[in-house]
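See below for the structure under consideration.
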Amino acid sequence: MTYFQPTRRAFLIGAAAAGGAAYLRGSTALASLDPNSFTADRIFHASHYGPFEAVVRDGELININAITELDAQPTEMLMYGVKDRTYDKSRIDYPMVRKSYLENWQNGDTKPELRGKEPYVRVDWDTVWSLTAKALLDTATDFGNEAIFSSSYGGWANAGNFRPNVMQGRLLNLIGGCTNTQGDWSAGASQICLPRVIGDMEVYSAQTAWEVIRDNTDVFVFVGCDPIKNNRIEYTVADHQMSGPWAEIRDAGCKFISINPQRTASDEYVGAEWIKIVPNTDTALFLAMAHHVLEQGLEDQAYMDKYTIGADKWIAYVKGEDDGTPKTPEWAAAITGIDAAQIRELAELLAKSRTEIAGAWSLQRAQHGEMTHWAIVNFAALTGKIGKPGQGVGFSWHYGGGGMPQSFKSTPTGLSQGRNWVKGICPASRITEMLENPGAEFSYNGMTGTYPDVKMIYNAGNNFMSHQQDTNRLIKALEKVDHIVSVDVWWTAATRWADIVMPACSTLERDDISVGGTYSNDKVYAMKKVIEPVGESLSDYHICEGLADKMNLWTQFTDAMDLMDHIEEAYSRSAAAEHTPFEEFWEKGYARQEVPEEARRWVRHGDFYTDPDKNPLHTNSGKIEMFCEEIAGFNLDDCPGMPVWMEKHEYLGNAREGQLHVVSPHPWYRLHSQMDQSSTLRDLYKIQGREPARINRQDAEARGIEDGDLIELYNDRGTIIAGAILSDDIMPGVVSVYEGAWPSLDSKGRCNSGLVNFLTSTQRSSGLSQATSANTVLCEMRKCEDPEGPNMAYEKPEIIEDYEIAEIDEDLLGLDRVEQITENLLADATEGEKIFYERCTVCHGPREVSHFTQNQWKGITPSMFPRAGLDENEATLVMEFLMANASDAPKADSLQ
């Protein structure tokens with residue numbers, strides 16, 4: 001078989017891409033051209049890092065131009081990283097198959113233990129489509145669709161609507177679906193707990209408008225929160241509009257306090273008072289502050305009587321009436337490392353002031369993570385803050401431009417994923433447990449599920465190998481899987497441990513559409529094709545289109561439309577289409593969506609505070625549940641019905657001498673693992689080519705470590721090599737390593753790149769959410785005396801270019817099985833069901849209706865429906881479907 005022999009669909013795909021280029025390219029009106037310079041195209045595009053104009057000469061990307069009217073503070077990730085990674089040597093140029101898999105796909109002796117170790121063979125598209133189709137159909141017919149597992153959760157691959165996880169979901173659902181992940185790594189504990197406590201996920205919700213904070217807030221508390229850093233990137237398109245407002249809030253006289261094991265960029269920017277705290281002990285702090293508030297009579301009893309339920313039970317616990325241990329400041333001082341007098345002073349300040357408390361998602365990425373945000377909610381309710389202007393709680397200030405006023409407008413919605421007929425799930429951080437324990441039962445969201453016996457993993461645009469905890473254990477567990485397919489632009493960890501690798505092109509090499517601001521939604525952006533695809537890469541849409549064609553499902557996948565037609569339809573469903581025609585929008589590159597004046601006065605939970613009877617919360621009681629009978633009724637020993645202090649399985653409170661607590665915050669120069677391959681960015685922060693580790697100067701000196709040394713961080717799960725950064729702005733006993741590095745194993749099994757997840761534990765947060773506890777981890781530290789050469793994480797694996805293989809006989813693929821499978825999927829669907837699966841399954845909510853309770857759906861639909869562009873009648877139909885099929889509807893009692 002020759003490398004360049006095209007299939008029928010591949011030929012049509014290539015022709016369509018080339019033919020569409022002339023129409024889609026062309027300069028925008030945003031940047032003037034130097035009349036004396038050589039002519040170059042300025043082409044509008046948008047990314048997680050901001051909108052920009054790509055400067056293209058002779059078909060090559062030569063520069064990135066920021067657009068200051070759209071992006072207030074362009075970052076280095078935009079200005080350097082986007083160009084760097086486009087042509088980086090880590091690009092996957094051609095379809096690839098692991099050597100043993102290619103040689104033995106017919107007899108099944110594919111040697112999965114050699115993943116990550118043996119070479120890949122360059123093949124053509126028809127070969128990878130054929131082998132992938134056979135693997136899908138073999139798995140579905142022999143073991144059921146639940147044996148196909150999608151690790152493509154979340155959709156963070158790029159900012160476009162036509163993301164790889166959506167394209168993959170649409171394709172796989174045409175043959176019956178697959179086991180999906182549920183929840184996510186970002187905020188998996190609170191997104192399950194908080195809807196029962198305060199009627200909303202909170203972690204993905206808009207925050208009080210910043211002008212309200214500026215004009216009303218006396219004290220703003222960052223609890224692990226670092227908005228200046230984390231708002232550098234976005235799930236959609238970042239515009240960095242909150243940088244100026246933070247300065248205005250600071251300059252208006254608001255006092256900032258930061259409770260954190262380390263001092264952050266945000267602390268510096270707003271001049272925050274830094275209060276050091278032992279990691280994972282925030283719950284104890286807020287319990288102790290509550291005790292002091294009660295002791296001083298500073299509680300707001302009238303507020304609790306009107307707006308809360310269960311306060312008496314929680315107060316009894318705080319006073320020690322339940323267990324004989326009053327949660328005094330002295331009690332908390334021994335746990336948190338904060339002096340008891342300082343705890344009292346802080347409690348009085350927060351209780352007596354107009355206080356806003358911002359809790360980071362990182363707080364709940366811990367064992368018993370549900371407790372921390374809940375404790376903050378209870379303290380704010382105890383002191384009568386929630387819903388008042390400039391006061392209360394917010395758990396998304398650090399994300400998505402939290403604080404920017406909202407347009408409340410509908411945004412473009414892309415292709416539907418359709419219905420997934422597999423009801424079972426795997427909680428997002430439990431992949432390793434699922435692979436190790438097929439058939440085992442697990443609890444999740446008050447229901448019981450069973451782990452499937454996974455035979456195939458399909459991964460698209462997701463580097464799950466870098467963000468799954470205890471990476472060594474995951475690598476071993478993957479040996480039980482028969483087929484691993486990975487679709488990506490670069491040789492990330494998730495592709496290096498795959499059998500079949502399909503090269504996706506970057507968004508610069510195709511067209512898409514997106515929006516600006518997760519919460520503001522005040523712009524719609526064109527993501528225009530900038531250059532031709534690198535190598536033989538294809539867009540995720542066209543990769544799935546080719547695979548659908550291989551399985552005779554092309555018409556169903558495409559709706560017989562071109563990608564550009566789908567983009568235009570997506571735009572038509574946005575509010576911007578009401579005033580700006582598509583052609584005008586596409587030519588200019590963006591369309592604004594007006595923000596109403598009243599949005600500048602919006603207060604989180606303000607309507608509830610104003611009239612709780614008319615605007616009840618979506619909890620069982622309609623009030624803030626300081627004690628939740630529903631959660632208590634699950635009888636979970638690691639998640640009781642109210643926020644209490646529970647000791648962690650490993651933290652500084654039970655550490656052996658010499659152990660350190662590892663925290664792994666989001667990086668400054670990356671979006672998780674994205675941008676790690678940018679050599680320009682690595683030069684700005686890597687230490688001898690490895691991930692930096694911020695350590696306290698005392699801890700370093702005690703071990704003979706100097707600034708810039710390579711160090712080993714290790715425990716019984718693994719070892720990583722990192723570069724030491726000595727600092728007085730991190731408390732003793734704590735080491736900070738950014739998450740998301742690309743891994744590279746040396747001959748001793750150490751990660752020579754510094755991926756922190758070789759240290760982290762798969763310990764669950766609790767049986768309620770099964771969320772990650774990545775920030776509950778201890779390690780030891782020493783100077784690295786024997787590093788092995790440079791970090792090889794960004795080099796291509798060994799590739800065999802001239803391997804001779806026979807053309808695949810399509811009779812061996814069993815493609816006729818598709819018809820048998822699809823015939824079994826026919827079902828009568830209600831109109832509300834159709835609308836839900838077509839337009840409401842691309843955000844943070846579940847893709848399967850039975851995975852949320854009725855109240856959880858009520859809590860997320862106020863933000864979900866506008867984004868899906870549903871009118872009142874459509875929203876009613878979908879809500880009827882959700883209420884009839886939610887997990888607590890009469891007929892639903894499990895995840896099966």
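Count residues from 1 along the sequence.
Contact record, Ala189 with Ala771: N-CB, 3.3 Å, taken as the closest heavy-atom pair. Between Glu370 and Ser765, the closest heavy-atom pair is OE1-OG, 3.0 Å. The nearest pair of heavy atoms linking Asn420 to Lys423 is O-NZ, 3.9 Å. Listed here is the closest heavy atom pair of Val377 and Leu194: CG2-CD2, 4.3 Å. Taking each heavy atom of Thr760 and Gln469 in turn, the nearest pair found is OG1-CG, 3.2 Å. The two atoms that bring Thr139 and Ala147 nearest to each other are CG2-CB, 3.6 Å, heavy atoms only.
Between Trp374 and Cys628 the shortest side-chain heavy-atom distance falls below 4.5 Å. Using a 4.5 Å heavy-atom cutoff, the side chains of Val166 and Arg170 are not in contact. Within the 4.5 Å cutoff, the side chain of Thr181 has heavy atoms near those of the Phe149 side chain. Here the side chains of Tyr651 and His661 are in contact, with some heavy-atom distance below 4.5 Å. Using a 4.5 Å heavy-atom threshold, the side chains of Asn472 and Arg717 count as separate. Considering only heavy atoms from C-beta on, Pro164 stays 4.5 Å or farther from Val487 through its side chain. Ile277 places none of its side-chain heavy atoms less than 4.5 Å from the side chain of Val223. Within the 4.5 Å cutoff, no side-chain heavy atoms of Glu202 are placed close to those of Ser190.
Atom CZ of Phe634 is separated from atom CZ of Arg196 by 4.0 Å, given to the nearest 0.5 angstrom. With rounding to the nearest 0.5 Å, the separation of NE2 in His373 from CG in Leu363 is 4.5 Å. The OG1 atom of Thr236 sits 12.0 Å away from the CG atom of Asn158 when rounded to the nearest 0.5 Å. Taken from CD in Gln854 to CE in Met879, the straight-line distance is 10.0 Å, to the nearest 0.5 Å. For the atom pair OG1 (Thr776) and CD (Gln763), the distance works out to 8.0 Å, reported to the nearest 0.5 Å. Distance check: Trp314 CH2 to Met642 CE gives 9.5 Å after rounding to the nearest 0.5 Å.
Checked for salt-bridge contact, Glu356 and Arg604 miss the test: no charged N lies under 4.0 Å from a carboxylate O. With salt bridges taken as basic N to acidic carboxylate O contacts below 4.0 Å, none links Arg764 and Glu433.
No hydrogens or angles considered: nothing links the side chains of Glu650 and Ser761 as a donor-acceptor pair under 3.5 Å. Side-chain atoms of Gln856 and Asn445 form a donor-acceptor pair, as typed in the model, at a separation below 3.5 Å. A donor-acceptor pair shorter than 3.5 Å can be found between the side chains of Ser205 and Asp200. With 3.5 Å as the limit, one finds no donor-acceptor pair spanning the side chains of Asn873 and Thr876. Inspection of the Ser186 and Tyr399 side chains reveals no N or O donor paired with an N or O acceptor under 3.5 Å. There is no side-chain donor-acceptor pair under 3.5 Å between Asn280 and Asn775. At a cut-off of 3.5 Å, with distance as the only test, no side-chain donor of Ser151 or Asn462 sits close to an acceptor on the other residue.
Between Cys639 and the choices Met371, His368, Met646, the side chain to side chain contact (heavy atoms under 4.5 Å, CB included) rule is met once, by Met371. For the side chain to side chain contact (heavy atoms under 4.5 Å, CB included) test with Met304, the passing option among Ile315, Asp312, Ile624, Ile309 is Ile315; the others fail.
For an aromatic pair to be called close, the ring centres must be under 6.0 Å apart, and Trp397 with Phe222 fails this. Annotation: His467 is in aromatic contact with Tyr153 [ring centroid separation under 6.0 Å]. The ring of Tyr204 has its center closer than 6.0 angstrom to the ring center of Trp361.
In the displayed structure, Lys476 atom NZ is contacted under 6.0 Å by at most 12 heavy atoms of other residues, nucleotides or ligands. In Glu441, the CD atom is not crowded: 12 or fewer heavy atoms of neighbouring residues, nucleotides or ligands sit closer than 6.0 Å.
In terms of modelled atom types and a separation under 3.5 Å, the side chain of His666 and the main chain of His672 share a donor-acceptor contact. Between the side chain of Thr830 and the backbone N or O of Glu833, at least one donor-acceptor pair lies under 3.5 Å. Looking at Ser396, its side chain does come within 3.5 Å of a backbone N or O of Val203 through a donor-acceptor pair. Using modelled atom types, one side-chain atom of Asn231 and one backbone atom of Gly401 make a donor-acceptor pair closer than 3.5 Å. Side-chain atoms of Gln168 do not come within 3.5 Å of backbone N or O of Ser152 as any donor-acceptor pair. No donor-acceptor distance shorter than 3.5 angstrom exists from the side chain of Lys385 to the backbone of Val393, with no hydrogens or angles considered. A donor-acceptor pair under 3.5 Å links the side-chain atoms of Asn173 to the main chain of Gln417, judged by distance alone. Judged by distance alone, with hydrogens and angles left aside, the side-chain atoms of Asn885 form no donor-acceptor pair with the main-chain N or O of Val849 at under 3.5 Å. Panel note: side chain Asp638, backbone Gly767; a donor-acceptor pair is recorded below 3.5 Å. Panel note: side chain Thr179, backbone Ile425; no donor-acceptor pair is recorded below 3.5 Å.
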Next item on the list: I would like to know whether Ile376 and Phe395 meet side-chain contact (heavy atoms from CB on, under 4.5 Å); could you show each step before the answer?
Entry: CA-CA 10 Å; Ile376 293 172; Phe395 300 110; 4.1 Å; yes
Item checked: Evaluation steps, side-chain contact (heavy atoms from CB on, under 4.5 Å), between Asn757 and Leu474 -> CA-CA 10 Å; Asn757 276 328; Leu474 172 62; over 6 Å; no
Item checked: Trace of the side-chain contact (heavy atoms from CB on, under 4.5 Å) decision for Gln770 with Phe442 -> CA-CA 9 Å; Gln770 299 286 345; Phe442 64 91; 4.2 Å; yes
Next item on the list: Might you work through the side-chain contact (heavy atoms from CB on, under 4.5 Å) test for Thr281 and Trp645, ending with a clear yes or no?
Entry: CA-CA 8 Å; Thr281 65; Trp645 164 251; 4.0 Å; yes
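Under the 6.0 Å distance and 45° angle rule, Arg163 counts as a cation-pi partner of Tyr235.
By the 30° and 60° cut-offs, the orientation of the rings of Trp156 relative to His48 is tilted. Phe836 and Phe881 have tilted rings, their planes meeting at an angle from 30° to 60° on a 0 to 90° scale.
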